[in-house]
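In what follows, a structure is listed as structure tokens, so that the remarks can point back to it.
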Amino acid sequence: MKKKLMLIDGNSIAYRAFFALPLLNNDKGIHTNAVYGFTTMLMKVLEEEKPTHILVAFDAGKTTFRHSTFKEYKGGRQKTPPELSEQFPFVRELLDAYGIKRYELENFEADDIIGTLAVKAEQEGFEVKVISGDKDLTQLSTGHITVGITRKGITDIEEYTPAHIQEKYGLTADQIIDMKGLMGDQSDNIPGVPGVGEKTAIKLLKQFETLENLLANIDQVSGKKLKERLEEFKDQAIMSKELATITKEAPVTVTVDELSFEGYDVEKLLAVFKELGFNSLLGKLEGADEIVSEEVKEISFETVESITEAVFAAENSLYVEVLEDNYHTGEIAGFGLSNKNGNFYLPVETTLQSEAFKQWAKDETKRKQVYDAKRSIVALKRHDIDLQGIDFDLLLASYLLNPSESTEDFAGVAKRHQFTNVKTDEVVYGKGAKKKVAEGDVLGEHLVRKAMGIADLYEPLLKELEQNEQTDLFFELELPLSLILAKMEYTGVKVDVEKLEEMKAEIAERLKEIEARIHEHAGEKFNINSPKQLGVILFDNLGLPVIKKTKTGYSTSADVLEKLEHEHEIIREILNYRQLGKLQSTYIEGLLKVVHSDSNKVHTRFNQVLTSTGRLSSIDPNLQNIPIRLEEGRKIRKAFIPSEKDWVIFAADYSQIELRVLAHIAKDEKLMEAFTNNMDIHTKTAMDVFHVEADEVTSNMRRQAKAVNFGIVYGISDYGLSQSLGITRKEAGQFIDRYLQSFPGVKNYMEDIIVEARDNGFVSTVLHRRRYIPEITSRNFNLRSFAERTAMNTPIQGSAADIIKKAMIDMAARLEKEGLRTRLLLQVHDELIFEAPQDEIEKLKEIVPDVMEHALELAVPVKVEYSYGPTWFDAK
DNA sequence: ACCGACACGC
DNA sequence: GACGTACGTGTCGGTA
């Protein structure tokens, strides 16, 4: 096996981790963010690189040999924050548990240790991988030494090979130090030549190759000022280069062979992870599963073969297990039940046939606490069992307490709330192809533990909700909504399969023709769906100009192709091919795959516990992204039809709900006035941003205003806006500034909400939905900016989600009250789609807008538009 | 089995 | 001055 040495710059990675992550505390009040970041980075690189040898190098003491050259070296640096210093002993402890050697050397920096060992190892035939957060290290890169520099956060690593350096800077790795000599390095207090930055340095080095050669030929430099500067700071440049040069001859006392890595000691490492509170990482430790799973305490439970009323109590924690993700098709595997009578395992066959169970299930006075109410309801409903009286959903409660935490498996959710007496599903059932229902007692015990977990967490989670003022949000909004969603999903949407088959045949024909023409243009056959092959055809063979690159090659995305449209006829064909191909594979074939053949219906699943803003998502099939924008795609909607003869599809959507919410939250006078007067909001925005009258707003101005409004609603950056408008970032930034000047109330809101997020650590919606935004205090500009946009955007998007959710609940109640047969089928973020009997249309025209518009009262009017027809396509 | 590129909706 | 820039779902090709 090839020997591979990994050299990690310990100080640098710890620093990066510390500044990239929010200040985490473990339960003992020790800060752990740097250790945590260090660990995640380590796990990732061990997994990816599989090194045979490793060393983590640290800086030793304050002074190094460089200080004798320049006593100000690294001067002006801020003191290491105590919150970070206190973490270093834990980093060392962590490395020891990993069985990774660490090393420091008096008078030398970690860089020098790494440089020296890298060269030694390369000479001994090793592949060498260096990991640091400091770009200086890239100078070490050679054919066998690759330097990985952490990018965003700490686990995203950019690989610097000589080729990559050449591509990025147009320089060789050796020239990196010449560049540093010229431009200096503020963080190390290396002066360089004042006025010379990266751009100038690269330009000069391309011409003169080395600093020495440049300084010997200053007369050939163009630019008077530059010449003078180089002349004046000649010595300083030489010294700077010297400071930036990593020595490859440090008196390192370890040999490369001593650094062999034998793999970590699982038990030791587990102990360290536990001490630090790294619960989320426990599961990622290979071999840890067995150890973790051994730790659950013993429980006793009873397997109930024949159910009588006596097993149930007034309050019951019930866990319904469906192993498959898709509970519309997957079967129930069993039940766990926990109440004051004891802990019970109810095997699936007997339970589903038990009349006692059925009666208990539908008795709403018998209270049930569950995990994932919607899943439980639908799974039971398929067996004609009506589950009523649910007054707690652990999954839903946990989501409301922190929507950013993932909710993949019971054990993970429970553990977050300190219930650990349950194994993960993966441990019990296995994963991937090996996943299967556990046998009798093993299954029983697992399900009982889950029921016990629900029982255990019921009170504490209610209390937490109460403390967050989220009791109403839980009981009045999300829990009732889950019942409505269950019904919608179970009802399903009827699909015109014949229509889809027709479209499939027609599109297949057209695709074939386009494909032939594309191959004709290209002069050869290739896979048009492969961006890689397409890139070769367009940019290598046809020689079209390269607009954008991805990290794997040429970009062939639609925005790139649109810019090339006039360069070659093939482009138009490819765009058409893509459009039709998307329709065919995702929407026609994809939809046909998930149609239930007995009913010709699709049963999506709405994920109620996924997004951090409070929106729903939809899968299997995703019915929230059915095409509408382009006419060709919109036709897909013709295949969505009512499930009963002579019924119609009735669709109602909120007009500009997010911007109305913004007007409400920000109390912006002009925005409120615009909505009160029922103005076209994009035209109004254009008038204010461009300072023109209504009749002077051109279509282009309106288009730009619309994009700005879009940006406000989705929290995009100036860069994002520049991309969508095809303008520069600077211009986009100016647009945003002008917008904010035009709507000072909005500007104030944006400023205030950021302060609020910083003070509280979270932002809230009108119905007290929360989203924590720890990165808001990050010292990393990117993370912080992103967090700020999140803080601005979440209350807007989240409150809009609150409103439509409330409308769904009110709507269900209203339909019930009016005795209508109309059924709610879908929610698509700002619209509700129903199927309805013809004779209820007139009634719906009145009540649907009424209910939706008054779900929550805002400071501005809320407007709903509706339409209906024989298919979803016609409801436009 | 997983990742990146791409494309659809809001 | 660079960083890398709404989210969620699904398909495909390419590689493991």
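Chain identifiers are assigned alphabetically (A, B, ...) following the order of the sequence lines, protein sequences preceding nucleic acid strands; residue numbering begins at 1 within each chain.
Separating the C1' atom of C/dA6 from that of B/dC8 is a span of 15 Å, rounded to the nearest Å. The C1' atoms of B/dC6 and C/dA2 are separated by 27 Å, rounded to the nearest whole Å. When the P atom is used for both B/dA5 and C/dT5, the distance is 12 Å, rounded to whole Å.
Comparing A/N793 and A/F781 against DNA chain C, the residue whose closest nucleotide sits nearer the 5' end is A/F781. Each of A/L610 and A/E198 was assigned the nucleotide of DNA chain C with the nearest heavy atom; the assignment lying further toward the 5' end belongs to A/E198.
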| message | Strictly under 4.0 angstrom, non-hydrogen atoms only: write out the protein contact profile of nucleotides 11-16 of chain C, one letter per nucleotide from the 5' end, B, S or -. | response | SSSSS-

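Under the salt bridge (Lys or Arg N to Asp or Glu O under 4.0 Å) criterion, A/R572 pairs with A/E565, sequence neighbours left out. Under the rule for a ring-ring contact (aromatic ring centres under 6.0 Å, His included), A/F18 has no partner lying at least two apart in sequence or in another chain. Residues meeting the ring-ring contact (aromatic ring centres under 6.0 Å, His included) test with A/Y429, sequence neighbours left out: A/H446. With sequence neighbours excluded, the residues satisfying salt bridge (Lys or Arg N to Asp or Glu O under 4.0 Å) with A/R605 are A/D620. Contacts of A/K805 classified as side chain to side chain contact (heavy atoms under 4.5 Å, CB included), with partners at least two apart in sequence or in another chain: A/L477, A/E478, A/L481, A/L616, A/R769. Remark: A/S555 pairs with A/K548, A/T550, A/S557, A/V560 by the side chain to side chain contact (heavy atoms under 4.5 Å, CB included) rule, at least two apart or across chains.
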| request: With ring pair (Phe, Tyr, Trp, His ring centres under 6.0 Å) as the test, would you mind laying out the steps for A/F710 and A/Y714 before giving the verdict? | output: CA-CA 6 Å; A/F710 179 87; A/Y714 287 113; 4.8 Å; yes

| task | Decide yes or no on side chain to side chain contact (heavy atoms under 4.5 Å, CB included) for A/I518 and A/I574, but give the supporting numbers first. | result | CA-CA 7 Å; A/I518 291 172; A/I574 290 167; 3.9 Å; yes

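Bounding nucleotides for the chain A contact on DNA chain B, 5' to 3', at a heavy-atom distance below 4.0 Å, are B/dA1 to B/dC10.
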Can you give the donor-acceptor pairs under 3.5 Å from side chains of residues 585-592 of chain A to other protein atoms, not counting sequence neighbours?
unit_1, atom_1, unit_2, atom_2, d
A/S585, OG, A/G581, O, 3.0
A/Y587, OH, A/N625, O, 2.6
A/Y587, OH, A/N625, ND2, 3.3

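At the heavy-atom level, A/T550 lies under 4.0 Å from the strands shown only through sugar-phosphate atoms. Note on A/Y719: a base of the nucleic acid sits closer than 4.0 angstrom, heavy atoms only. Looking at heavy-atom distances under 4.0 Å, A/D620 makes contact with sugar-phosphate atoms alone, never a base. At a threshold of 4.0 angstrom between heavy atoms, the contacts of A/V828 are confined to the sugar-phosphate backbone, with no base atom among them. Using a 4.0 Å heavy-atom distance criterion, A/S785 is classed as making no nucleic acid contact. Within 4.0 Å of A/E658, counting heavy atoms only, lies no atom of the nucleic acid at all. Residue contacts for A/T790: at a heavy-atom cut-off of 4.0 Å it reaches no nucleic acid atom on any strand shown.
The interatomic distance linking A/F786 (CZ) with C/dT5 (P) rounds to 9 Å, in whole Å. Following rounding to the nearest Å, A/Q723 (CD) and C/dA6 (P) show an atom-to-atom distance of 10 Å. Atom OH in A/Y714 sits roughly 12 Å away from atom P in C/dC7 (whole-Å rounding). Rounded to whole Å, atom P of C/dG10 lies 17 Å from atom CG of A/L583. We find that CZ of A/R16 is positioned 17 Å from P of C/dA2, with the value rounded to whole Å. Separating the CZ atom of A/F710 from the P atom of C/dA6 is a distance of 10 Å, rounded to the nearest angstrom. Computed from coordinates, the A/I202 CD1 to C/dG1 P distance equals 14 Å when rounded to whole Å. The separation between A/D134 atom CG and C/dA2 atom P is 19 Å, rounded to whole Å.
Within the 4.5 Å cutoff, no side-chain heavy atoms of A/V609 are placed close to those of A/L400. Residues A/V763 and A/Y772 form no side-chain contact, since every pair of their non-hydrogen atoms from C-beta on lies 4.5 Å or further apart.
Pairs of residues two or more places apart, or lying in two chains, that qualify as side chain to side chain donor-acceptor pair (under 3.5 Å) and include a residue from residues 785-801 of chain A are A/T613-A/Q797, A/R615-A/Q797, A/R771-A/T794.
Panel note: side chain A/Q827, backbone A/I804; no donor-acceptor pair is recorded below 3.5 Å. Between the side chain of A/E324 and the main chain of A/N326, no donor-acceptor pair closer than 3.5 Å is present.
The cationic group of A/R770 lies under 6.0 Å from the six-membered ring centre of A/F762 and within 45° of the ring axis, placing it in a cation-pi geometry.
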| task | Go ahead and write out DNA chain C as dot-bracket, 5' to 3': ( ) for pairs within the strand, [ ] for ones crossing earlier pairs, | when the partner sits on another strand, dots for unpaired; Watson-Crick or G-U wobble, both distances under 3.5 Å. | result | ......|||||||||.

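Near-neighbour residues of DNA chain C inside residues 612-619 of chain A, defined by a heavy atom below 4.0 Å, number-ordered: A/S617, A/S618, A/I619.
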